[in-house]
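When a ligand or atom number is given, it counts from 1 through the structure's own listing order.
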Amino acid sequence: MRKKVTIVGAGNVGATAAHWIAAKELADVVLIDVIEGVPQGKALDLSQAMPIEKRDCSIVGTNDYADTANSDIVVITAGIARKPGMSRDDLLNTNFKIMSEVVEKVVKASPNTILIIVSNPLDAMAQTAFKKAGLPRERVIGMAGVLDSARFRTFIAEELKVSVENVTAFVLGGHGDTMVPLSRYSTMAGIPITELIEPTRLKELETRTANGGAEIVKHLKTGSAYYAPSAAAVEMVEAILKDKKKILPCAAYLQGEYGISGLYVGVPCKLGAKGLEQIIEIKLTAEEQTALNKSAEAVRELCTVIGVA
Ligand code: LMR
């Protein structure tokens, strides 16, 4: 039997995530949204691309959570996106309400599922989902580190004029202005990029990474990025469905790791069939730890506002 992945939210991120899953033939997909007709139309359209792409996936659009029952993974993209001049934090109250309602319905229909949270502000929404779902932390994981590190990898590969495949990069912390790109642990074909790119240029690439979402919002004007965010979520889906034991930077509920407790923050995670299978603790310099603590505090402040700290 094929695996089943539900995507909540049939907007740009959700629909594009469905596209990546189907294109990779990872699972059957249920696309659900409150807006009538949109998930149905997009799912039908995507399913009609399957003969051309030679992929066997069922793709169903719906407004009814009964259709999502027994999903192996549920990717939550529901919520509003920011517009130019807004920060992700400006979405907090609206998306908190949406996330709370969605999680309750999702877990009722699929009590054994693994949740991947994509809505913003990412870490606070992951914390909301965790608190509302009542699932173990292994089964509620936030997306954004994969996205942020993919942005950093793109900029490094362009700078060094090498394949993106040769570049690995780590970004820690919350998915916000205070995120912590870790150049020291980023490499080109195993060579630390700190030996290849001079410090001031590296700082510019780090800053561009931290502002990566805003740069796209500024171009689009009507919304935010969706190709890379959805691809990032689907890399996590694939790691779990295929039990790959893949190390990816994700938002995880920390219980003392990195000296942080009771909070979702981006850290290196091992993803496999059980979801979050391990948090990898790497040694940080005092400066990096301070930056991570600052980022965690920014997440905690948001969580306090919505009562999930
Ligand atoms: C991103 O980083 O692209 C997303 O978090 C969307 C946004 O608002 O920037």
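In this structure Glu165 satisfies the side chain to side chain contact (heavy atoms under 4.5 Å, CB included) test together with Ser163, sequence neighbours excluded. Under the side chain to side chain donor-acceptor pair (under 3.5 Å) criterion, Asp90 pairs with no residue at all, not counting sequence neighbours.
Applying the 4.5 Å side-chain rule to ILVMFWY residues, one finds that Val30 remains a lone member of its cluster.
Side chain of Arg208 to main chain of Phe155: no donor-acceptor pair is present (N/O by atom type, distance under 3.5 Å, no hydrogens or angles). A donor-acceptor pair under 3.5 Å links the side-chain atoms of Asn95 to the main chain of Asn120, judged by distance alone.
Under the 3.5 Å distance criterion, with hydrogens and angles disregarded, a donor-acceptor pair is assigned to the side chains of Asn293 and Gln289.
Among protein residues, Arg82, Arg88, Asn120, Leu147, Arg151, His175, Gly213, Ser224, Ala225 come within 4.0 Å of ligand 1, judged on heavy atoms.
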